[in-house]
Amino acid sequence: MSNTDGRRWHDMGGKEAGPLSFDQHDFALWEKRVDALMVLCGQKGLFTVDGLRRALEDMGEDAFETMSYYERWIAATNQNLLEAGAYTVQELGEKMEEVAARGPTYGEAQDG
């Protein structure tokens, strides 16, 4: 979890990270929705920035190696909403099945 310098695996401050890209890019629709969901949930008091950070750090090193930025954020948001009692794991599973039945793409979901 930490090495001899006292850092945890997610603490990258001051380490070599390679060149930075300052090119602007458009965010995917789902990424914009994750951002909006986080803002709305925070405004409703369902979780705090500290809660999100804890969930992100508790994911483990593998999550930071295999998941994108917004994949990690939606996972942390989900964890916090579960902990807040906004829904249960069973309710989430049922809703995911319902959404999956609509079709694999957003366009197909609109037709159904």
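From a predicted model like this one, the values you see are computed outputs, not experimental measurements.
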J.: Quick check: do Trp30 and Glu71 have side-chain heavy atoms less than 4.5 Å from each other?
T.: yes
J.: Atom CG in Leu46, atom CE in Met38: separation rounded to 0.5 Å?
T.: 13.0 Å
J.: As an exercise, state the distance from CZ of Arg54 to CD of Gln79, rounded to the nearest 0.5 Å.
T.: 6.5 Å
J.: Any chance you could measure Met67, atom CE, to Asp62, atom CG, to the nearest 0.5 Å?
T.: 9.5 Å
J.: I'd like to check Asp26 versus Lys32 (side-chain heavy atoms, cut-off strictly below 4.5 Å). Are they in contact?
T.: yes
J.: With distance as the sole test, does Asn78 use its side chain to make a donor-acceptor pair with the main-chain N or O of Ile74 at under 3.5 Å?
T.: no
J.: Decide, yes or no, whether a salt bridge links Glu98 with Arg102 under the criterion of side-chain N to carboxylate O below 4.0 Å.
T.: yes
J.: Taking the side chain as every heavy atom from C-beta outward, state whether Glu31 and Asp35 have any atom pair closer than 4.5 Å.
T.: no
J.: Under a 3.5 Å distance rule, please check whether Asn80 uses its side chain to pair with a backbone N or O of Phe47 as donor and acceptor.
T.: no
J.: In terms of hydrophobic clustering (I, L, V, M, F, W, Y; side-chain heavy atoms under 4.5 Å; direct or indirect links), are Leu37 and Leu40 co-clustered?
T.: no
J.: Let me check something: do Tyr87 and Met96 share a hydrophobic cluster, defined by ILVMFWY side-chain heavy atoms less than 4.5 Å apart, either directly or through other members?
T.: yes
J.: What's the shortest heavy-atom distance between Met59 and Ala75, and which atoms?
T.: CE-CB, 3.6 Å
J.: Would a single hydrophobic cluster contain both Val49 and Tyr69, if residues Ile, Leu, Val, Met, Phe, Trp and Tyr are joined by side-chain heavy-atom contacts under 4.5 Å?
T.: no
